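These numbers were taken from a predicted model, which means no experiment stands behind them.
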Amino acid sequence: MRSNGGSGESASTQSPRNPSSQKAERPPVLKKFKPIEPDDPRPTPHFPGPLFPAVRRVTSLPPNRRASFDTDADKPSSVGDVTASNLNNIDVVNSLSDRDWMYPSFLGPHVARNRVMTVKAASRQPIRGGGERLVDRVESKVVDEKQQSNTPVNKEEVKIVASQVSTTMTERSSVSSWSARRILRVKLKRYFIFSVIIFSCIYPLTYVIHLRNKVERLEVENINLRRWCSETDVGNYSNEVLQPEDDSSYKIFGNADSKTVALYTVMFTLMMPFVLYKCLDYLPQIKILSKRTKPNKEEVPLKKRIAYMVDVCFSVYPYAKLLALLFATIFLIGFGGLALYAVTDGSLTEALWLSWTFVADSGNHSDSIGIGPRIVSVSISSGGMLIFAMMLGLVSDAISEKVDSLRKGKSEVIEKNHMLILGWSDKLGSLLKQLAIANKSVGGGVVVVLAERDKEEMEMEIAKLEFDFMGTSVICRSGSPLILADLKKVSVSKARAIIVLATDENADQSDARALRVVLSLTGVKEGLRGHVVVEMSDLDNEPLVKLVGGDLIETVVAHDVIGRLMIQCALQPGLAQIWEDILGFENDEFYIKRWPELDGMQFEDVLISFPDAIPCGVKVAADNGKIILNPDDSYVLKEGDGVLVIAEDDDTYSPGPLPEVRRVSFPKVPELPKYPERILFCGWRRDIHDMIMVLEAFLAPGSELWMFNEVTEKERERKLIDGGLDISGLENIKLVHREGNAVIRRHLESLPLETFDSILILADESLEDSVVHSDSRSLATLLLIRDIQSKRLPYRDTKSTSLRLAGFTHSSWIREMQQASDKSIIISEILDSRTRNLVSVSRISDYVLSNELVSMALAMVAEDKQINRVLEELFAEEGNEMCIKPAEFYLFDQEELCFYEIMIRGRQRQEIIIGYRLANSERAIINPPKKSEQRKWSLDDVFVVISSGS
């Protein structure tokens, strides 16, 4: 043998091995390599290695012969495909020799190896469709090709080509036969297992039948023996022998057929599942063969289809599992009873009863006697334990699912005339509080909250309010207001009123979501019994929501309400507290009711007809229920008209007899002239252009509005113009722009803070999504402004100031800021009610509680949607408004009058006086009691009135 380092030429000169010294063997598998051209001057490549030390080229064909290989080499072939027609194509044979082959040199020269016998022995097989043998045809085909190309014929080359074809066919035939043998073994194994199962089921049956027949033969022999004994012995003894066993023996013999049938039935039932499981997939094939159609390769097996149908049945029908368990129980009882009947001597009825006892109690089979009854009873008891375990699992799952459904708020609300709240926001706590107070007079009500939050989480948040709901039940459900199924779950069609809360998102996103909720509500097939109150964030989006909802929708624009209220409170200190009293249900609020006994009475008489209420307007039935605030004294109530009053509750007032009131005229004091004011806005709101337009209507010419925020001046002008504000058309106010951060002291010190009449600290638009951050920023700005003002303003020690500071003598810093508050008015927009205490304790700001006031307005409109018209007019820059007037407009100093007489004097100014605040009091009294009682008044007192603004 050559070493690994031998060259190609030395390998070719090596003497061949002796063919007789070894047996004929298969030629080695030749591996294809890159073709080499005949005229290639490069030497034959050499690849050193331990097993394949050299590569030798067998032969090469001319280049024109090699083109045929490119088209035929990729064609698939197999042993069965090699026919006479395939061999006509000489390119196939040429392609076999048109390659270089890797050949190990240690086996000797490739040409010199004598493998002719092996080739012929392997290739002498007949071919289908022809009488010639394959190797002979290959050899003749190669010789003809050589002769046509005038190439000398090399016999060794012809034999090698024939051996290659024979080797390829032999290998493919061996692989195919190996696969066939493997498939055959698998099938035989399956048939063997199936046969064992069948045998294990049939053999016991035949053995039992054999034993049964043997017992019957013994019974017959016993009967014959007893009969013979009775004939030979005396009568008494024969009776003793025949009587005990005679009836039972014949009974057993008579029942042998039915018990055999029962036994056959049991065994057949046991075998059927195995047979069906094995033959289930063959049923579609039998059907296809019967119809003589081609099989569909993509058809799903029958087992999978049955499993899918069972899965769908259990998923779609909720009671499918229970029905399946019931069927399994009945089947086990029937099947077990039949088996017991086959192996015992009792009747079928007794066997069925025993089967039920074994299923119900697994310990009852301990009394069974005999191998057969014990085997059957143990099997039935095992099935019974399995069935009861499944039953316990189903019951446990059903209970857990129901409890989980209740816990997650998926159950349906069966209520009517309830208040429905859709959504969740920071205003929910204040809103629930107001609704609970409103329902106090009727013993409480039901409020249902539907939000996309977990039910337990919502209940925990409501429990943190620590508020007594006074009989009102709050029911939380988890779901989306955009889904009709969730809306039906909370009985939306039976609700008395529906409140749609704005989310904590961006204003446009919040209004877009509110619009989708309104669309969902309009899609309820049953219709809506109550009205819908929608909280909007932007005034520009209000017309679209009203267009979709129609007359059913009442909107409350939170930003617009708060902005207008802040301006009114800035111009009239103390008005915020009055609005809290009127909007909230804790004190006095607006009510509209019809009183037939007042028909035909003039409004000036109606004004003093209610001892416990103050009439403010009328609802005109002839004008589609239009509400007129502050009507003329000469207006006469007609049939169907209602009276708008301010009262403590809807059941606490009623008209009484007209009191005796002195109608003394009082000289009309002219209104105080308006003076130019300087107002500062700290922060930027999205509706600041609306606030500027309201200020333009209220302020005197020459006033200045300073805007201090981080928005650039060009960006401000662009936003104001986009909002519809004509900056050049402002006549009464002048805009002054300053850029800076309101929480940085040096930026605030650059402003003349001591010269402003009013300062409004707005909740900045950039922080409107975070209530805590917005309030923290407003509170920090408030403290910095007051501290700077206290350093710049002179110290003033007045009597009123000392009274106000009586409880704060321990803190000089608070006293200084409170003195500064007497000079200028600061209105802070506070969103969180928890921040309210921080501001109210320090008494350094006349604040506005935004969320609290919006919640009050929503609750009031939800209770009576007509009140929304009243609020819209009172908040508008035109028409009637609520304001504070000095006492000198209605009385003289220390004059003794009753409240009715002051109301009559107010009508001379076309005003309705609804309350007052005494000089030594900090809170105003709305709808005072004992209106007929005389008392002395001071010019330092002020009165709360509804004025026409003319």
Side-chain angles (χ1 to χ4, degrees), residues 502 504-511 536-541 557-567 570 677-696 699 703-730 732-753 755-785 788 824 826-831 845 848 850:
D504 296 331
E505 303 173 323
N506 179 275
D508 292 331
Q509 295 177 355
S510 176
D511 291 347
M536 304 294 296
S537 299
D538 195 341
L539 185 63
D540 298 333
N541 300 325
V557 185
H559 273 63
D560 181 65
V561 169
I562 299 305
R564 295 172 184 270
L565 189 56
M566 288 184 68
I567 293 176
E677 297 187 30
R678 178 179 288 186
I679 298 177
L680 173 65
F681 280 1
C682 288
W684 184 271
R685 285 168 54 103
R686 61 183 295 111
D687 59 344
I688 198 169
H689 56 278
D690 293 328
M691 299 178 67
I692 294 176
M693 294 174 64
V694 175
L695 280 176
E696 170 71 12
L699 294 180
S703 300
E704 292 183 358
L705 175 60
W706 290 51
M707 291 192 295
F708 179 71
N709 49 67
E710 298 181 72
V711 183
T712 61
E713 184 174 350
K714 292 184 179 180
E715 186 69 14
R716 295 179 197 176
E717 293 180 355
R718 185 189 65 81
K719 289 184 177 182
L720 292 176
I721 294 174
D722 292 343
L725 178 65
D726 185 10
I727 301 178
S728 59
L730 297 177
N732 296 334
I733 60 177
K734 174 186 177 183
L735 299 181
V736 181
H737 297 281
R738 291 291 185 271
E739 294 183 20
N741 193 336
V743 295
I744 299 178
R745 187 182 183 92
R746 69 174 183 275
H747 291 179
L748 291 174
E749 288 178 346
S750 63
L751 300 175
L753 297 178
T755 62
F756 293 110
D757 298 290
S758 301
I759 300 176
L760 277 69
I761 302 176
L762 310 177
D764 201 271
E765 182 182 9
S766 59
L767 298 175
E768 64 182 2
D769 296 339
S770 177
V771 175
V772 177
H773 291 171
S774 178
D775 287 352
S776 300
R777 184 183 180 91
S778 300
L779 186 59
T781 304
L782 170 63
L783 296 176
L784 288 174
I785 291 176
I788 295 173
S824 62
I826 296 183
I827 304 296
S828 302
E829 184 178 2
I830 303 299
L831 303 179
S845 174
V848 172
S850 297

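With rounding to the nearest 0.5 Å, the separation of CD1 in I826 from OG in S778 is 11.5 Å. For the atom pair CG (N541) and OG (S510), the distance works out to 9.5 Å, reported to the nearest 0.5 Å. To the nearest 0.5 Å, the span separating NE2 on H737 from CH2 on W706 amounts to 11.5 Å. Here the CD1 atom belonging to I688 is positioned 9.5 Å from the CG atom belonging to L760, to the nearest 0.5 angstrom. Rounding to the nearest 0.5 Å gives a distance of 11.0 Å between CD1 of I827 and CD1 of I567. Separating the CE atom in M693 from the CG atom in L720 is a distance of 11.5 Å, to the nearest 0.5 Å.
Nearest heavy atom pair, residue V557 against residue L539, reads CG1-N, 3.7 Å. The two atoms that bring S728 and D726 nearest to each other are OG-OD1, 2.9 Å, heavy atoms only. Nearest heavy atoms, L748 versus A742: CD1-O, 3.2 Å.
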Handout entry: L695/F681 under side chain to side chain contact (heavy atoms under 4.5 Å, CB included): CA gap, chis, key distance, verdict
Key = CA-CA 12 Å; L695 280 176; F681 280 1; 3.5 Å; yes

Exercise for the section: Apply side chain to side chain contact (heavy atoms under 4.5 Å, CB included) to L751 and I785, showing your working. Expected result: CA-CA 10 Å; L751 300 175; I785 291 176; over 6 Å; no

Practice task
Before giving the answer on side chain to side chain contact (heavy atoms under 4.5 Å, CB included), spell out for L705 and S703 the whole-Å C-alpha distance, their side-chain angles and the decisive distance to 0.1 Å.
Solution key: CA-CA 7 Å; L705 175 60; S703 300; over 6 Å; no

Exercise for the section: Apply salt bridge (Lys or Arg N to Asp or Glu O under 4.0 Å) to the pair R716 and E713, showing each step before the final yes or no. Expected result: CA-CA 5 Å; R716 295 179 197 176; E713 184 174 350; over 6 Å; no

Handout entry: side chain to side chain donor-acceptor pair (under 3.5 Å) evaluation trace for H559 with R685
Key = CA-CA 9 Å; H559 273 63; R685 285 168 54 103; 5.0 Å; no

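A search for salt bridge (Lys or Arg N to Asp or Glu O under 4.0 Å) contacts involving E710 returns R777, not counting sequence neighbours. With sequence neighbours left out, D560 forms a salt bridge (Lys or Arg N to Asp or Glu O under 4.0 Å) with R564. With sequence neighbours excluded, no residue forms a side-chain hydrogen bond (donor to acceptor under 3.5 Å, both in side chains) with R738. Residues satisfying the side-chain hydrogen bond (donor to acceptor under 3.5 Å, both in side chains) criterion with W684, sequence neighbours excluded, are absent altogether. With sequence neighbours left out, D538 forms a salt bridge (Lys or Arg N to Asp or Glu O under 4.0 Å) with R686.
In this structure, the side chain of E696 does not engage the main chain of L730 through any donor-acceptor pair within 3.5 Å. Proximity of a side-chain donor or acceptor of D511 to a complementary backbone N or O of M536 within less than 3.5 Å is not detected. Side-chain N or O atoms of D764 include none that pairs as donor or acceptor with a backbone N or O of G683 at under 3.5 Å.
Each of L680, I679, I692, L762 was checked for a side chain to side chain contact (heavy atoms under 4.5 Å, CB included) with M707, and the lone residue meeting it is I692.
Screening residues 741-751 for salt bridge (Lys or Arg N to Asp or Glu O under 4.0 Å), with sequence neighbours left out, gives R745-E749, R745-D787.
Counting heavy-atom neighbours within 6.0 Å of H773 NE2, excluding the residue itself, gives a total of 12 or less.
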